[in-house]
Amino acid sequence: MTELSEFANSSELWPTPTGRWSVLGIEPEVFEQKLLAAGLAPSSLRPYHADELPYLDGLLLAGALSTAADPVALLRTLTPSLKPSATLAIIDWQADGPPTYGPNFEVRFKRGLLCRLLRAAGFGQVDTMDYHPVYYEVFAVKGPPRPLPHAAEFVEVAQLSDLPGNSMKKVEVYGHQIVVANTGREIVAFAHACPHAEGPLELGRLRRQLIACPLHGYIWNVSTGNPVMPDDEDCLRRYSVKVDDVRDTIMVSLAPPPESIVAD
Ligand code: FES
C-alpha cells in the first residue's frame, strides 16, 4: 500500500518549524526527517510522550487520526495540553479521496470537521496548506486568530437596490474575495471559497439562507455559517455587514459578524 509519507511534502509547504517538536502517528521516523528537511534543528526533536505536551512548541500528527480508535477523543485529549501559541500540524488521508490510496473510508477523518474542532478548541489560526485530492496538511496555532489589516473598516461594495432577494454578488474587500447575498430576510457576506475544497460559491445556488456549492453540491447556511449537508464539514467564514437604507448601500468589513460563535 502507498504510505502517507510518500504524499506528504512538508518541506515545500510548511512554515519553518521552530522550538521543540514531536511526532505522533505512523512512520514517526520518516516524518521526523520531513520536519528536519523543513528546517527544524535536530536537537529540537523529542520522542512523543504525553507528559511532554505542555512543553512542546509543535506536535505533528501523521496519520494519527485515521489510525485512532476514537479520533475526536484523541484531539480532545491533546489540544488542551498544548501551550498557547503551540502549533499542531496534521497530515492525514482525505476522507473523500480516491479509494486506491490510503485506508478504508470508515476510518478516514474529515479535514473540514478537523478544522472546526480545532477552532472550537481555541486554535485561532487554522490553515489548510494544500487541497490535495489524496491527503491533507493542516497547520493550526493555539491562541487568538491572526489579526487582519483593515478588519474594522467598512467598505462600500454594492447598491442595495441591485441585490434583490435570493441574489448574490462577488466583491473584493482589501484583497479578500467575498460574496454578498440577499437571503430575502437579511444581507449577509461570506467567503467566496467553499470550505470544502474552495469551490466558487458565487456560482452556487442560493435559496433563502441555504447555498449549494457548484462543485460537489454541499450545502451551507449563509446566515449562521454552519454546514447543513453534510453537517460534519467546516463552517463558512462570514463577515460583518452594514446596510444604509438612506444611501441605498451595502458595506462589508473583514471582521466576523458580532454574533459569531465557533460551532462545536
Ligand atoms: S468545493 Fe466541494 S462542495 Fe464546495
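Since we're looking at a predicted model, the values are computed, not measured. Note that ligands are numbered from 1 as they come in the structure, with each ligand's atoms numbered from 1 the same way. Side chains are part of it too, since the values below use all heavy atoms of this structure and drop only hydrogens, waters and symmetry mates.
No side-chain heavy atom of M168 sits under 4.5 Å from any side-chain heavy atom of L201.
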Less than 3.5 Å apart, which donor and acceptor atoms pair up between the side chains of residues 37-52 and the rest of the protein, not counting sequence neighbours?
from : atom 1 : to  : atom 2 : distance (Å)
S44  : OG     : G19 : O      : 3.4
R46  : NH1    : S43 : O      : 3.0
H49  : ND1    : D51 : N      : 3.1

Side chains of residues 212-220: which donor-acceptor pairs under 3.5 Å do they make with residues two or more places apart or in other chains?
from : atom 1 : to   : atom 2 : distance (Å)
H216 : ND1    : H196 : ND1    : 3.2
W220 : NE1    : D234 : O      : 2.8

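I187 and L206 fall into different hydrophobic clusters, where Ile, Leu, Val, Met, Phe, Trp and Tyr side chains are chained together by heavy-atom contacts under 4.5 Å.
Every side-chain contact (heavy atoms from CB on, under 4.5 Å) that Q94 has, sequence neighbours left out, goes to D96, R111, Y136.
With hydrogens and angles disregarded, no donor-acceptor distance shorter than 3.5 Å links the side chain of S223 to the backbone of Q209.
For ligand 1, the protein residues within 4.0 angstrom (heavy atoms only) are C194, H196, A197, G199, C213, L215, H216, Y218.
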